[in-house]
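A, B, ... follow the sequence lines: proteins, then strands. Residue 1 opens every chain.
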2 protein chains.
Amino acid sequence: MTEEQEVFLKHIQKKGLKRTSQRDLILDTFLRTEAHLSSEDLYRLVKQGDPSIGQTTVYRTLKLLTEAGLAREVRFGDGVTHYEHHYKHQHHDHMICSECGRIIEFYSAELEALQDAMAAKHRFQINEHLLRIIGICAECRRAAKDAEKVDAARRIPRRATAR
Amino acid sequence: MTEEQEVFLKHIQKKGLKRTSQRDLILDTFLRTEAHLSSEDLYRLVKQGDPSIGQTTVYRTLKLLTEAGLAREVRFGDGVTHYEHHYKHQHHDHMICSECGRIIEFYSAELEALQDAMAAKHRFQINEHLLRIIGICAECRRAAKDAEKVDAARRIPRRATAR
DNA sequence: CTCAATGCAAAGTATTTGCACGCTC
DNA sequence: GAGCGTGCAAATACTTTGCATTGAG
């Protein structure tokens with residue numbers, strides 16, 4: 001049994017809840033991924049192992065995992081709640097590529113320290129924070145650059161794109 | 001006519017759209033507030049000036065204002081989109097008090113610079129970023145402290161609060 | 001055997017869209 | 001007048017809740 005499964009069991013027992021095959025399957029599936037899954041994503045994966053499982057159970061179990069400290073809710077602003085591994089994972093922030101959707105995790109101790117300093121200045125006690133950087137990742141920039149070169153070769157003028 | 005109204009008119013005309021009394025009223029109402037209103041909040045305010053106005057128009061006009069650069073969408077993670085003034089407003093970030101809902105705006109050039117540095121390290125082009133710090137504001141901390149003192153005076157032991 | 005868990009359907013939110021009529025330009 | 005804008009209702013998307021049945025302890 002993995003450490004995470006033990007944490008989950010302990011949490012379940014502490015709250016007087018019950019262990020079920022569905023919860024086990026959802027936890028296992030969640031642990032097997034490394035992406036930032038939405039409830040829907042996880043639901044699809046879990047159904048491969050047990051097609052009779054309901055979307056509701058996945059929603060409810062993700063809440064449980066969050067309570068147990070195994071998952072963390074992340075909102076990227078697309079209207080969907082994503083979940084990432086949280087157990088013994090260091091805090092980190094996200095860069096999100098608006099072209100390909102790729103998510104780059106990063107961490108900067110200086111950034112954290114600066115935030116603490118800003119909070120102290122306002123006598124604000126930080127419980128949680130979220131930094132989200134949206135833009136274009138290296139790969140998509142390279143792709144865009146290549147396209148530009150092709151355009152230049154063809155003498156097709158580039159337009160300033162609206163929006 | 002204020003600068004903002006001119007910006008709005010120019011945007012409207014550039015897109016071949018039309019000026020209406022509803023749009024004027026919504027813009028005026030928006031400009032008169034300084035909070036981070038949701039569409040629903042603004043709708044309530046606008047209805048005081050014109051009860052016949054529809055929620056849909058408020059949604060649509062807020063999108064327009066955002067396009068025109070007068071408003072900025074901010075998501076605090078409560079599932080609602082909030083809008084703040086954006087015209088000639090310096091970029092800033094938010095601390096949100098989870099007790100009283102107060103929002104503290106702050107800005108740190110060092111923080112911005114560090115983010116740029118992190119992005120450069122990953123060859124990531126920043127288009128937009130959002131920093132949200134959630135915790136307890138100075139006022140609520142003071143209130144909590146006072147409550148603690150009262151407890152201590154009464155010799156009531158404090159429990160570790162669950163959740 | 002008791003009470004929690006499950007899956008379905010229905011209800012809730014927040015927001016968007018289709019449409020007939022009305023109002024700018 | 002042509003076409004955008006409006007308000008309504010319906011649709012959509014995500015998530016939560018009520019409920020009868022199933023299953024863990």
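Checked against B:Phe106 for a side-chain contact (heavy atoms from CB on, under 4.5 Å), the options B:His92, B:Met95, B:His94 give a single hit: B:Met95. Partner of A:His36 under the side-chain hydrogen bond (donor to acceptor under 3.5 Å, both in side chains) criterion, out of A:His82, A:His85, A:Glu84: A:Glu84 alone.
Atom C1' of nucleotide C:dT15 and atom CG of B:Asp78 are separated by 14 Å, given to the nearest angstrom. The distance between atom CZ of B:Arg23 and atom P of C:dC23, rounded to the nearest whole Å, is 15 Å. Spacing between atom CD1 of A:Ile26 and atom C1' of C:dG7 amounts to 12 Å, rounded to whole angstrom units. The CD-P distance, from B:Gln22 to D:dC4, rounds to 17 Å in whole Å. The interatomic distance linking B:Asp41 (CG) with C:dT15 (P) rounds to 10 Å, in whole Å. Counting to the nearest Å, the C1' atom of C:dT15 and the CG atom of B:Leu64 are 16 Å from each other. In this structure, CD of A:Glu73 is placed 16 Å from P of D:dC14, rounded to the nearest angstrom. Distance B:His11 NE2 to D:dG5 P: 11 Å, rounded to the nearest Å.
Contacts of residues 43-54 of chain B with DNA chain D (heavy atom under 4.0 Å): B:Ser52, B:Ile53, B:Gly54.
Fit an axis to the five pairs at each end of the helix from C:dC1-D:dG25 to C:dC25-D:dG1 and the two axes sit 30° apart, to the nearest 10 degrees.
A 4.5 Å side-chain heavy-atom check between B:Leu65 and B:His11 finds every atom pair outside the cut-off. Residues B:His86 and B:Leu70 form no side-chain contact, since every pair of their non-hydrogen atoms from C-beta on lies 4.5 Å or further apart. Annotation: side chain of B:Thr81 is not in contact with side chain of B:Val74 (no heavy-atom distance under 4.5 Å).
A ring pair (Phe, Tyr, Trp, His ring centres under 6.0 Å) check over residues 44-66 of chain B, counting only residues at least two apart or in different chains, returns nothing.
OP1 or OP2 of C:dT15 lies within a sub-4.0 Å distance of a side-chain N or O belonging to B:Tyr59. A:Gln55 has no side-chain polar atom (N or O) that falls below the 4.0 Å cut-off from OP1 or OP2 of D:dT16. The side chain of A:Thr81 places an N or O atom within less than 4.0 Å of a non-bridging phosphate oxygen (OP1 or OP2) of D:dT15.
When heavy atoms are screened at a 4.0 angstrom cut-off, B:Lys15 is found touching no nucleic acid atom at all.
Between the side chains of B:Thr61 and B:Gln22, not a single donor N or O lies within less than 3.5 Å of an accepting N or O. In this model, no donor atom of one side chain and acceptor atom of the other lie less than 3.5 Å apart for B:Asp24 and B:Ser21.
Contact check on B:Glu99 versus B:Arg141 returns no salt bridge, with no Lys/Arg side-chain nitrogen under 4.0 Å from an Asp/Glu carboxylate oxygen. B:Lys63 has a carboxylate O that lies under 4.0 Å from a charged side-chain N of B:Glu73, or vice versa, which qualifies the two as a salt bridge.
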Under 3.5 Å, which donor-acceptor pairs link side chains of residues 125-133 of chain A to any protein atom two or more places apart or in another chain?
from     : atom 1 : to       : atom 2 : distance (Å)
A:Gln125 : NE2    : A:Asn127 : OD1    : 3.1
A:His129 : ND1    : A:Gln115 : OE1    : 2.4
A:His129 : NE2    : A:His91  : NE2    : 3.2
A:His129 : NE2    : A:Glu112 : OE1    : 3.0
A:Arg132 : NE     : A:Phe76  : O      : 3.4
A:Arg132 : NH1    : A:Arg75  : O      : 3.3

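Looking only at distances, a side-chain donor or acceptor of B:Gln5 sits under 3.5 Å from a matching main-chain atom of B:Thr2. Between the side chain of B:Thr66 and the main chain of B:Leu62, a donor-acceptor pair closer than 3.5 Å is present.
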Filtered N/O pairs between nucleotides 21-25 of chain D and protein, under 3.5 Å:
from   : atom 1 : to      : atom 2 : distance (Å)
D:dG23 : N2     : A:Lys18 : NZ     : 3.3
D:dA24 : O3'    : A:Arg19 : O      : 3.3
D:dG25 : OP1    : A:Arg19 : N      : 3.4

Short N/O separations, protein against nucleotides 17-20 of chain C, under 3.5 angstrom:
none

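For B:Leu9 and B:Glu40, each mapped to the nucleotide of DNA chain C holding its nearest heavy atom, the one lying further toward the 5' end belongs to B:Glu40.
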**OP:** Assess whether salt bridge (charged side-chain N to carboxylate O under 4.0 Å, His left out) is satisfied between B:Lys88 and B:Glu4, documenting all intermediate values.
**Re:** CA-CA 10 Å; B:Lys88 288 193 177 169; B:Glu4 284 92 344; over 6 Å; no
